[in-house]
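Throughout, numbering of the chain's residues begins at 1 and tracks the sequence.
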Amino acid sequence: MTLEIRDCTFRDLHLVVGIHEKAFGGFFMSQLGSDFLFRYYKTIYCYDKPLFKVATLESNIIGFAAGFVSPADFYRFLSSNKLYVGLGALKGLLKNPSLLLPGIRNWFRVRENSASKLDFRYAELASIAVHPKHANSGVGSQLLSSFLTEAKKSGVQFVILTTDAENNDKVNAFYLKNGFKIRRKFYSRPGRLMNEYVKQLS
């Protein structure tokens, strides 16, 4: 069986959502529901500078890496589509109203990122996931390598990402092993400490 990594197509998006839900079942974005996730990943797909890869095995998608060049531009694009993306979260919010406050915080983070100085020299890896059945098989490393190669081809000098700083040792070790360095630590909400990583592309 040969692993193939290729660009994501529109027809892949529902499968991307399914892998996200399996890989990040209890996380905030998953709790907002599949409609929200589809609209979020569709926004990345429709952005004019996406970096969006899927890994396939025997034509079945088993992982993906999604991100974009020029984060500030992307977050402005996301902000301009806030009604479309936000309506996708409505079902999840009605089902679990406790998600409303984190959702508001995330919205303010989008607005803050829209005004950042992360321009065309930067790309952001927004999400990378592998189907749990294929965890620890090297698929994640190959997806990350493909993402970084595509970013470099786009003229990017730095790739950034964020992930939980605590109770997340395996993921943090993965990024450190792949040459990322901690750029800063911050709280996305009270009690949730995040690591922001950066990797300079040679």
Side-chain angles (χ1 to χ4, degrees), residues 7-21 23-24 27-54 64-129 143 147-148 150-163 183-184 186-189 192 194 196-198 201:
D7 289 336
C8 180
T9 69
F10 185 80
R11 293 173 63 182
D12 296 330
L13 292 179
H14 282 295
L15 299 172
V16 164
V17 168
I19 291 172
H20 180 112
E21 290 176 318
F24 305 120
F27 285 75
F28 170 72
M29 287 178 63
S30 296
Q31 292 181 65
L32 289 176
S34 57
D35 189 28
F36 167 79
L37 288 171
F38 177 82
R39 291 174 186 229
Y40 172 71
Y41 285 116
K42 181 182 174 184
T43 303
I44 294 178
Y45 177 82
C46 291
Y47 176 58
D48 64 354
K49 298 181 285 290
L51 297 168
F52 207 154
K53 296 290 184 179
V54 295
F64 71 91
F68 32 82
V69 175
S70 190
D73 286 342
F74 170 75
Y75 287 110
R76 281 190 285 271
F77 180 65
L78 181 61
S79 181
S80 71
N81 287 278
K82 59 182 177 292
L83 184 60
Y84 170 75
V85 178
L87 285 174
L90 194 57
K91 185 176 179 180
L93 290 172
L94 290 173
K95 185 177 179 181
N96 189 351
S98 66
L99 298 175
L100 181 59
L101 185 56
I104 292 171
R105 288 196 187 102
N106 277 0
W107 170 243
F108 278 107
R109 186 176 69 85
V110 168
R111 290 183 61 187
E112 179 184 326
N113 289 344
S114 298
S116 79
K117 301 192 183 304
L118 297 178
D119 57 19
F120 61 88
R121 296 170 298 168
Y122 290 83
E124 181 174 335
L125 175 60
S127 185
I128 183 169
L143 273 166
F147 183 93
L148 295 174
E150 194 71 17
K152 188 175 180 180
K153 287 180 182 176
S154 299
V156 165
Q157 298 174 32
F158 305 94
V159 173
I160 62 167
L161 63 94
T162 59
T163 192
R183 183 172 183 249
R184 67 182 178 115
F186 66 97
Y187 283 95
S188 63
R189 58 174 169 76
R192 187 180 184 188
M194 308 296 290
E196 182 178 89
Y197 285 98
V198 62
L201 303 180

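The closest side-chain heavy-atom distance from N81 to R39 is not below 4.5 Å. Proximity of Y47 to F52: side-chain heavy atoms (C-beta onward) are nowhere separated by under 4.5 Å. Contact of the V159 side chain with the Y122 side chain is not registered, since no non-hydrogen atoms from C-beta on lie closer than 4.5 Å. Looking at heavy atoms from C-beta onward, V156 lies out of side-chain contact with R121 at the 4.5 angstrom threshold. Side-chain contact between F120 and K49: absent, with no pair of heavy atoms (C-beta onward) separated by less than 4.5 Å. E21 has its side chain within reach of L37: a pair of non-hydrogen atoms, C-beta onward, lies under 4.5 Å apart.
Note that NZ of K91 and OG of S34 are 7.0 Å apart. Values are rounded to the nearest 0.5 Å. The distance from the NZ atom of K82 to the OG1 atom of T43 is 12.5 Å, given to the nearest 0.5 Å.
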Stepwise ring pair (Phe, Tyr, Trp, His ring centres under 6.0 Å) check, F38 with Y45 = CA-CA 10 Å; F38 177 82; Y45 177 82; 9.6 Å; no

Evaluate the criterion side chain to side chain contact (heavy atoms under 4.5 Å, CB included) for residue pair D73 and F68; output intermediate values, then yes/no.
-> CA-CA 9 Å; D73 286 342; F68 32 82; over 6 Å; no

Could you give me the CA-CA distance, side-chain angles and deciding distance for F77 and D48, then say whether side chain to side chain contact (heavy atoms under 4.5 Å, CB included) is met?
-> CA-CA 9 Å; F77 180 65; D48 64 354; over 6 Å; no

Applying side chain to side chain contact (heavy atoms under 4.5 Å, CB included), run through M194 and R192 and close with a yes or a no.
-> CA-CA 6 Å; M194 308 296 290; R192 187 180 184 188; 3.6 Å; yes

Under the side chain to side chain contact (heavy atoms under 4.5 Å, CB included) rule, what do S127 and F24 come out as? Steps first, then yes or no, please.
-> CA-CA 10 Å; S127 185; F24 305 120; 3.9 Å; yes

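Between Y75 and E124 the shortest heavy-atom distance is OH-OE2, 2.8 Å. Of all heavy-atom pairs spanning E150 and L51, the tightest one is CG-CD2, 3.6 Å. Nearest heavy atom pair, residue G67 against residue I44, reads O-CG2, 3.6 Å. For the residue pair K42 and L13, the shortest heavy atom distance occurs at CA-CD1, 3.8 Å. Closest approach of V54 and D7 over heavy atoms only: CG2-O, 4.2 Å. Residues A151 and L201 approach most closely at CB-CD1, 4.1 Å, considering heavy atoms.
The aromatic rings of F64 and H20 lie parallel to each other, with less than 30° between the two planes, well short of the 60° mark.
No donor-acceptor distance shorter than 3.5 angstrom exists from the side chain of Y40 to the backbone of L78, with no hydrogens or angles considered. Checked by atom type and distance alone, the side chain of S79 never pairs as donor or acceptor with a backbone atom of R76 at under 3.5 Å.
For the side chain to side chain contact (heavy atoms under 4.5 Å, CB included) with Y197, the qualifying choice from I160, L161, L125 is L161, the only one to do so.
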